[in-house]
Peer 1: 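Mind having a look at this structure? Questions to follow.
Letters A, B, ... mirror the listed sequences (proteins, then strands); counts begin at 1.
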Amino acid sequence: MISLIVDVFLLALLVLIAVMVVRTCKLYAVIVMSGAYSLTSAAIFVNLDAVDVAFTEAAVGAGISTILFLAVMAYVPADEKPSLNRNVLAGFICIGAGALLLLAVADLPSFGDPMSQVHQHVAPRYLLESGSALHIPNVVTTVLASYRGFDTLGETIVVFTAGLGVLMLLAGATRTHRMAKKTGKKTALGVSKRLSKILPKTMGKKA
Amino acid sequence: MKQNPVFRVVAKILFAPIIMFGLYVQFHGDYSPGGGFQAGVIIAAAFILHAIVFGLESGRQIVSARVNLWMMVFGVLLYGGVGVVSMAKGGLFLDYTALTGSVATGQHIGILLVELGVGLTVTSVMLAVFHAFAGFVEDRAK
């Protein structure tokens with residue numbers, strides 16, 4: 001019963017934060033509130049006994065992403081431009097898609113149902129066998145690193161590729177920027193100022 | 001932020017415990033919640049805190065951009081390397097039992113190395129992304 005009350009409270013808090021994020025135009029406030037959103041979801045995951053997921057959400061969502069967004073804020077204006085036009089068609093599409101999703105919810109297995117499809121396939125084997133067959137007490141770790149080791153390798157490569165992409169775009173960009181300052185050449189021609197600041201390397205090659 | 005004594009003292013006190021906690025999460029992942037991804041992010045957070053308070057240059061003196069890049073590559077290679085070694089020992093790709101021949105030690109060593117690879121890559125990628133964004137701004141301000 002208490003768990004249900006806590007769940008309802010946290011979900012209401014999530015909706016409140018989401019509405020506040022949509023309503024405000026101050027981007028600093030949006031970043032801090034998205035961190036709060038992640039922290040609230042982490043609390044929900046703890047309540048669902050998914051401690052590993054909660055841990056990741058708190059560390060990545062509330063911690064690092066907030067800092068990275070703040071680092072980005074240094075060269076983005078602090079306020080979002082308020083949009084004046086109200087697009088009626090977009091509103092209808094949003095409400096229609098939301099209604100379809102709500103209809104689809106009716107076909108989902110009920111929450112925590114042990115007889116549902118996902119809990120009948122490989123999950124029982126993992127839960128029953130992993131402790132005795134692999135001698136690792138934490139089931140999440142065995143599934144992540146041993147049973148699904150190949151998937152985790154893919155995830156690591158995704159993180160690696162993302163890092164490489166950012167480095168090639170931004171770290172390379174500063175070098176071109178500095179060199180351009182030294183030689184007094186313009187890095188980009190015919191590109192808008194902001195874009196040329198973000199992509200001087202790729203654009204500089206063309207120009 | 002280096003001028004503010006509160007930031008400076010708190011950052012100095014917190015730096016080592018955060019890394020300690022990250023290492024605990026990294027190497028205790030077999031027994032309690034945690035693992036390479038979370039540990040990587042926590043350790044990166046310690047270095048980012050240091051860089052925010054004492055400046056990017058001082059952060060770069062601890063982990064240089066070149067070392068950071070090598071750590072990124074080494075993490076992925078360590079993960080893949082464990083798979084290749086287990087193949088060379090007669091098992092399947094990423095079949096940790098083949099590493100030592102026994103299930104208990106093989107799985108433990110395999111998972112430990114693989115998580116270490118994940119942790120290294122995540123730490124260095126987070127640091128690289130932070131320095132790329134923050135350094136980009138600092139360069140422009142000059």
Side-chain angles (χ1 to χ4, degrees), chain A residues 46 50-61 63-65 67-75 130 132-138 140-142 144-146 148-150 152-153 155-175 177-178 181 197-198, chain B residues 25 28-42 44-45 48-49 52 65 69 72-73 75-76 79-80 82-83 93-97 103-108 110-112 114-115 117-118 121-122 124-142:
Chain A
V46 171
V51 197
D52 280 85
V53 187
F55 202 168
T56 319
E57 180 68 41
V60 178
I64 287 284
S65 325
I67 293 176
L68 289 182
F69 276 130
L70 284 177
V72 172
M73 274 305 291
Y75 49 104
S130 68
S132 52
L134 300 181
H135 302 278
I136 306 279
N138 187 356
V140 180
T141 304
T142 51
L144 188 102
S146 193
R148 300 292 173 93
F150 211 82
T152 311
L153 176 62
E155 276 175 50
T156 313
I157 292 174
V158 166
V159 172
F160 174 70
T161 319
L164 270 191
V166 171
L167 278 185
M168 284 168 90
L169 274 175
L170 291 184
T174 50
R175 197 177 304 144
H177 202 73
R178 255 183 253 138
K181 257 189 193 165
K197 273 174 189 164
I198 299 169
Chain B
V25 170
H28 215 255
D30 298 1
Y31 299 97
S32 58
F37 281 99
Q38 294 93 325
V41 170
I42 290 170
I48 289 176
L49 175 73
I52 287 177
L69 195 66
M72 239 161 102
V73 178
V76 176
Y79 200 132
V82 171
F93 187 65
L94 290 175
D95 178 8
Y96 310 131
T97 307
V103 180
T105 54
Q107 291 289 334
H108 263 293
I111 289 181
L112 201 75
V114 158
E115 293 273 18
V118 174
T121 303
V122 171
S124 43
V125 164
M126 290 302 158
L127 269 181
V129 168
F130 173 75
H131 274 282
F133 277 119
F136 189 46
V137 179
E138 209 165 68
D139 277 350
R140 260 183 51 194
K142 271 176 199 165

Peer 1: Check side-chain hydrogen bond (donor to acceptor under 3.5 Å, both in side chains) between Asp52(A) and all other residues, then give those that pass, not counting sequence neighbours.
Peer 2: none
Peer 1: What is the distance from atom OG1 of Thr141(A) to atom CD of Gln107(B), rounded to the nearest 0.5 Å?
Peer 2: 12.0 Å
Peer 1: Quick one, Met72(B) and Leu164(A) - any side-chain contact, counting heavy atoms below 4.5 Å?
Peer 2: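 Sidechains of Leu164(A) and Met72(B): in contact.
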Peer 1: Would you say that Ile48(B) contacts Ile64(A) through its side chain, given a criterion of any heavy-atom pair below 4.5 Å between the two side chains?
Peer 2: yes
Peer 1: Tell me, side chain or backbone of Ser124(B) under 4.5 Å from chain A's heavy atoms, or both, or neither?
Peer 2: neither
Peer 1: With sequence neighbours left out, write down each residue that passes side chain to side chain contact (heavy atoms under 4.5 Å, CB included) with Val46(A), or none if nothing qualifies.
Peer 2: Ala54(A)
Peer 1: With rounding to the nearest 0.5 Å, note down the distance linking CG in Leu49(B) to CD1 in Ile67(A).
Peer 2: 8.0 Å
Peer 1: Of the backbone (N, CA, C, O) and the side chain (C-beta and beyond), which part of Val82(B) lies under 4.5 Å from a heavy atom of chain A, both, or neither?
Peer 2: neither
Peer 1: Nearest 0.5 Å please: distance from the CZ atom of Phe37(B) over to the CZ atom of Phe55(A).
Peer 2: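 With rounding to 0.5 Å, CZ (Phe37(B)) is 14.0 Å from CZ (Phe55(A)).
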Peer 1: Contact between Leu144(A) and Glu115(B) at the side-chain level, heavy atoms closer than 4.5 Å - yes or no?
Peer 2: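 Of all side-chain heavy-atom pairs linking Glu115(B) with Leu144(A), at least one is under 4.5 Å.
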Peer 1: Quick one: closest heavy-atom pair of Tyr79(B) and Thr152(A), and the distance?
Peer 2: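 Tyr79(B) and Thr152(A) have their closest heavy atoms at OH-CB, 3.2 Å.
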Peer 1: Between Val60(A) and chain B, with a heavy-atom cut-off of 4.5 Å, which part of the residue counts as in contact: side chain, backbone, both or neither?
Peer 2: both
Peer 1: Using a cut-off of under 4.5 Å for heavy-atom pairs, which of Ile42(B), Leu94(B), Asp30(B) has the most such pairs with chain A?
Peer 2: Asp30(B)
Peer 1: For Phe133(B) and Val166(A), which heavy atoms make the closest approach, and how far apart are they?
Peer 2: CE1-CG1, 4.4 Å
Peer 1: Sort out for me which of Gly35(B), Gly29(B), Ala128(B) touches chain A most, counting heavy-atom pairs under 4.5 Å.
Peer 2: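 Sorted descending by pairs with chain A, the first entry is Gly29(B).
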Peer 1: On a heavy-atom basis, which atom in His108(B) and which in His135(A) lie closest, and how many Å separate them?
Peer 2: NE2-O, 3.4 Å
Peer 1: Quick one: NE2 on His131(B) to CG on Leu167(A), what's the gap to the nearest 0.5 Å?
Peer 2: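 Interatomic distance, His131(B) NE2 to Leu167(A) CG, rounded to 0.5 Å: 11.0 Å.
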Peer 1: Just so I know, are the side chains of Ile111(B) and Ser146(A) near enough to count as touching, which here means a heavy-atom distance under 4.5 Å?
Peer 2: yes
Peer 1: For a quick test of reading the model, state the closest non-hydrogen atom pair linking Ala145(A) to Tyr96(B) and the distance between them.
Peer 2: O-OH, 2.5 Å
Peer 1: Looking at chain B, which one of Gly63(A), Pro137(A), Ala59(A) has the largest number of heavy-atom pairs inside 4.5 Å, strictly under?
Peer 2: Pro137(A)
